[in-house]
K.L.:
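Sending over a structure as structure tokens; questions will come in a sec.
The shown structure was predicted, so the numbers you read here are calculated from the model rather than taken from an experiment. Just so it is clear: chains get the letters A, B, ... in the order the sequence lines come, proteins before strands, and each one is counted from 1.
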Amino acid sequence: MKITLDLDVCAGHGQCEDAAPEVFTVNDQGLVVQLIENPGEEYRAKVEDAARRCPADVIKIED
Amino acid sequence: MPMNRIVVAGVSLAGLRTAEALRLEGFTGEIVMVGEEQLFPPYDRPPLSKEILKGLWQEDRGRLKVAENLDPTLILGHRVTALRASDNEVELDDGTVLTYDGLVIATGASPKMMGSIDTSIPGVHVLRTFPEAVALREAIGGSPKVVIIGAGWIGCEVAATCRDRGLDVTILEYFPQPLERTLGPIMGAWAGAMHRAHGVDLRCGVSVSGVSGEGRVERVDLADGTSVAADIVVLAIGVFPETKWLEGNGFDLENGVLCDETLQVVGASNIVAAGDVCRWPNKMFNRTMRVEHWSNAVEQAAVAAHTLIHPDEPKGYSAVPYVWSDQYDAKIQYVGTGGEYHSILEGSTEENKFVAAYATDGVLVGALCVNSPARMIKYKRFLTTAPQMDLIEENLP
Ligand SMILES: Cc1cc2nc3c(=O)[nH]c(=O)nc-3n(C[C@H](O)[C@H](O)[C@H](O)COP(=O)(O)OP(=O)(O)OC[C@H]3O[C@@H](n4cnc5c(N)ncnc54)[C@H](O)[C@@H]3O)c2cc1C
Ligand code: SF4
């Protein structure tokens, strides 16, 4: 799965980490960091949940 | 009962996300969305008191994204005025009657009014909708003297935005401290000190009796007989859940419509609720609550849709509420609910970077994180383990 992150609008709500802790974390600057480069299909549901719960619409799933 | 048509009442965050989740749950029938507001896609509310009010965003930014497969039947610009649950029908303000197999209640909340204040007087504003945000932004365009009634989240954000623009700002609050309802008196005082340091004339413990002026607002009158000069007044004393249309069905409508753990309305098997309008038993904290925050609406949407489509596989919703607010240079994030202020766990108020603990009966129930975004989510997870305060030093996440 290819994910793009729009870091310009990330506001450190951490909802992504809450939804998919294996894939996302929030760093000390309050920005999302992707922990697995191209996460496998087993994470799709969680990453979709993360995208949906992100208040700033940062996470885009490209394929 | 087969589900052919689901009516969603309220087309904002909770209504839209529930409708999308119905499709994710496999619903292929008709989704009729009835909303009072005209804009579709609906706009997101948090930016209204932030980017939109500050003028940082173009007006078309801040709309919610809509899933491509939603395929809704939209009835916009109309209110649902009545529900007859025993007949599975709702009535709209133009007399239209819609039958449904399933109903989603997502009518949210609206600003509380103060009986003595007529909000149609020029210069008096409330802030819940996009047009109201645009009107307020235009009203603060010159250099008016702004008086905000109510120091809750919205009042405080409006104050911060107005001060950032260099305006003269007074906040009138009935309680002894701003944000006291969420943050309690001690951290409320921290917030108060922040607003005063940024030049707000914050007056707490005052009671407003009304507004007055010739043809437009000129003063806010206080119960002690004095008054405060004002060019613009923002009434921000909280919201009430939109449940009036549900009356007459035997539902419990005390502070929102009462649902069970799966967000099914108590007393109706084919009706669910989500968002600001919903009160439900939150197992995490062993009590019923209604939450007026963004993340709650989104998370409840998924559960409510599941309950409607798959009642045979019940999923409970238990959650740690989360709210954020941006004021001056403070990114404020609060996870959890209620409790008494306990102590500062990390950082310090002097650095304007800290985590403060809230506890009930020796158990951590809330964490106020200021300028500590990486920490907030750790505490959110930590809270679900009901940590004991006397052991907290060793166990910090
Ligand atoms: C200015 C502002 C700033 C905010 N900032 C934050 C923030 O920083 N962080 C945070 O967590 N939360 C914030 N919130 C709260 C968040 O926006 C709400 O929790 C969220 O909008 C709730 O969504 P909802 O769909 O349940 O209700 P609402 O957004 O209130 O939507 C309900 C919809 O139903 C419609 N409706 C009502 N009655 C009827 C009827 N009878 N028939 C048809 N339609 C009806 C309404 O017109 C509305 O469109 C903010 C809210 C505001 C107003
Ligand atoms: S939820 Fe969105 S805004 Fe928040 S940290 Fe994750 S990506 Fe950033």
K.L.:
Which atoms of Cys54(A) are under 4.5 Å from chain B, going by heavy atoms: the side chain, the backbone, both sets, or neither?
P.N.:
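Backbone only.
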K.L.:
Contact part of Asn27(A) toward chain B, heavy-atom cut-off under 4.5 Å: side chain, backbone, both or neither?
P.N.:
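Contact with chain B: backbone only.
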K.L.:
Of Thr161(B), Asp164(B), Val158(B), Leu179(B), which is the lone residue that meets side-chain contact (heavy atoms from CB on, under 4.5 Å) with Gln327(B)?
P.N.:
Leu179(B)
K.L.:
Strictly distance-based, threshold 3.5 Å: is any side-chain N or O of Tyr43(B) a donor or acceptor partner for the main-chain N or O of Phe130(B)?
P.N.:
yes
K.L.:
With a 4.5 angstrom heavy-atom cut-off, is it the side chain or the backbone of Val9(A) that approaches chain B, or both, or neither?
P.N.:
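Contact with chain B is through the side chain of Val9(A) alone.
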K.L.:
Counting only non-hydrogen atoms closer than 4.5 Å, does Asp44(B) touch chain A with its backbone (N, CA, C, O), its side chain (CB onward), both, or neither?
P.N.:
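Contact with chain A involves the side chain of Asp44(B) alone.
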K.L.:
Could you tell me whether the side chains of Glu346(B) and Tyr379(B) share a donor-acceptor contact shorter than 3.5 Å?
P.N.:
yes
K.L.:
Does a sphere of radius 6.0 Å around CD in Glu42(A) hold more than 12 heavy atoms from other residues, nucleotides or ligands, not counting ones at 6.0 Å or beyond?
P.N.:
yes
K.L.:
Taking side chain as everything from C-beta outward and backbone as N, CA, C, O, which of these in Glu20(B) sits under 4.5 Å from a heavy atom of chain A? Side chain, backbone, both or neither.
P.N.:
neither
K.L.:
Output yes when a side-chain donor or acceptor of Ser372(B) lies under 3.5 Å from a complementary backbone atom of Val370(B), and no otherwise.
P.N.:
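Yes; judged by distance alone, with no hydrogens or angles, the pair exists.
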K.L.:
With only heavy atoms counted, which part of Ala19(A) is less than 4.5 Å from chain B, the side chain, the backbone, both or neither?
P.N.:
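For Ala19(A), neither part sits under 4.5 Å from chain B.
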